[in-house]
Amino acid sequence: MHLIKNKNLCLLLTLFLFIGLVSTAFRSKTRIENRSGIVKVALDTTKTDKETGLVTDPNLYMVKAQCTSCHSSKLIIANRFTRDGWKQKIRWMQANHNLWDLGETEKQVLDYLEKHYAPTATAARRKPLNDIKWYKLEEQ
Ligand code: HEC
């Protein structure tokens, strides 16, 4: 090192370079975090009805009319069923709790429940194995 004669100056330059590298690394990391933060906020904009807490939807008025006169909408929000599961719940209330025949409006109610209160996948699972070739373990 003949260009930089002073050893201390050389050390100092290396230090600055190091600090520079480290801070750039951290800055780009926070930038990525910020970006994903914005994505999260953008995804979490499901609008809910103030009165009932149910997800807003063109069919919500019917669900409010048919499903919130006996009990709180919290019973709906707390549950997740398939379309068939919701249908069974309705039949169960009709058989045991004097729920009336929903008639034509049942489709609207089920459309709504299936769209917004269906079971959500909690964990990704691999597909079931098929075409397995089993083999016998031989004693050695
Ligand atoms: C005529 C009254 C009545 C109406 C209208 C009504 N329910 Fe219910 N529902 C009940 C009763 C009673 C229960 C039992 C409450 C309890 O266990 O405390 C119940 C329970 C529930 C439960 C909880 C079921 C469980 O397994 O715990 C859900 C979900 C539900 N109702 C959804 C709905 C939906 C969706 C509608 C609209 C189609 C609706 N209810 C309309 C009377 C009604």
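Just so you know, ligand 1 is whichever comes first in the structure, and atom 1 is the first atom listed for that ligand.
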query = What's the shortest distance from atom 22 (C) of ligand 1 to any protein heavy atom, and which residue and atom give it?
reply = L75 CD1, 4.0 Å
key: Contact summary for T52 and S73, nearest pair of heavy atoms   = O-OG, 2.6 Å
N79 contact mode with ligand 1 (heavy-atom cut-off under 4.0 Å) = side chain
remark   = Counting from 1 in the order shown, the ligand 1 atoms closer than 4.0 Å to a non-hydrogen atom of C70 are 1 (C), 2 (C), 3 (C), 4 (C), 5 (C), 42 (C), 43 (C)
query = Does the protein put a heavy atom under 4.0 Å from atom 8 (Fe) of ligand 1?
reply = yes
message = Is the contact between M93 and ligand 1 made by the side chain, the backbone, both, or neither, using heavy atoms and a 4.0 Å cut-off?
response = side chain
Any protein heavy atom < 4.0 Å from atom 27 (O) of ligand 1 = no
key: Side chain to side chain, V63 and L54, heavy atoms closer than 4.5 Å   = yes
remark   = Numbered in order shown, the ligand 1 atoms found under 4.0 Å of a heavy atom of Q66 are 5 (C), 37 (C), 41 (C)
ask   = Between Y61 and Q108, do the side chains contain an N or O donor and an N or O acceptor separated by less than 3.5 Å?
value = yes
message = Treating W86 as the side-chain partner and L110 as the backbone partner, does any N or O pair qualify as donor plus acceptor under 3.5 Å?
response = no
note = When distances are taken from atom 25 (C) of ligand 1, the protein heavy atom at minimum range is K89 NZ, 3.8 Å
note = Judged by heavy atoms only, the candidate from E106, H97, M62, Q88 nearest atom 11 (C) of ligand 1 is H97
Contact bool for atom 31 (N) of ligand 1 (protein heavy atom, d < 4.0 Å) = yes
message = Does the residue L113 have a heavy-atom contact with ligand 1, meaning some pair of atoms that are separated by less than 4.0 Å?
response = yes
note = For atom 42 (C) of ligand 1, the closest protein heavy atom turns out to be H71 CD2, 3.5 Å
query = In terms of side-chain heavy atoms, does R91 have a donor or acceptor partner in Q94 at a distance below 3.5 Å?
reply = yes
inquiry  = Pairing donors with acceptors under 3.5 angstrom, does anything connect the side chains of E114 and T82?
reply    = no
query = Given K115 and D111, is the salt bridge (charged side-chain N to carboxylate O under 4.0 Å, His left out) satisfied, shown in steps?
reply = CA-CA 6 Å; K115 187 172 169 192; D111 282 350; over 6 Å; no
key: Side chains of T56 and T48 in contact at under 4.5 Å (non-hydrogen atoms)   = no
ask   = Hey, any chance M93 and W100 share a hydrophobic cluster, counting ILVMFWY side chains that come within less than 4.5 Å of each other, even indirectly?
value = yes
Numbered atoms and elements of ligand 1 in range of W100, under 4.0 angstrom, heavy atoms = 1 (C), 5 (C)
query = Aromatic rings Y117 and Y112: how do their planes relate, parallel, tilted or perpendicular, breaks at 30° and 60°?
reply = tilted
inquiry  = Quick check on contacts: which atoms of ligand 1 are under 4.0 angstrom from a heavy atom of N98?
reply    = 1 (C)
query = Linking I/L/V/M/F/W/Y whenever their side-chain heavy atoms sit closer than 4.5 Å, directly or via other members, would L75 and W92 fall into one cluster?
reply = no
note = When distances are taken from atom 17 (O) of ligand 1, the protein heavy atom at minimum range is W92 CH2, 4.9 Å
key: Heavy atom of protein closer than 4.0 angstrom to atom 38 (C) of ligand 1   = yes
request  = Look at atom 35 (C) of ligand 1 and say which protein heavy atom is nearest, naming residue and atom and giving the distance to 0.1 Å.
outcome  = C67 SG, 3.6 Å
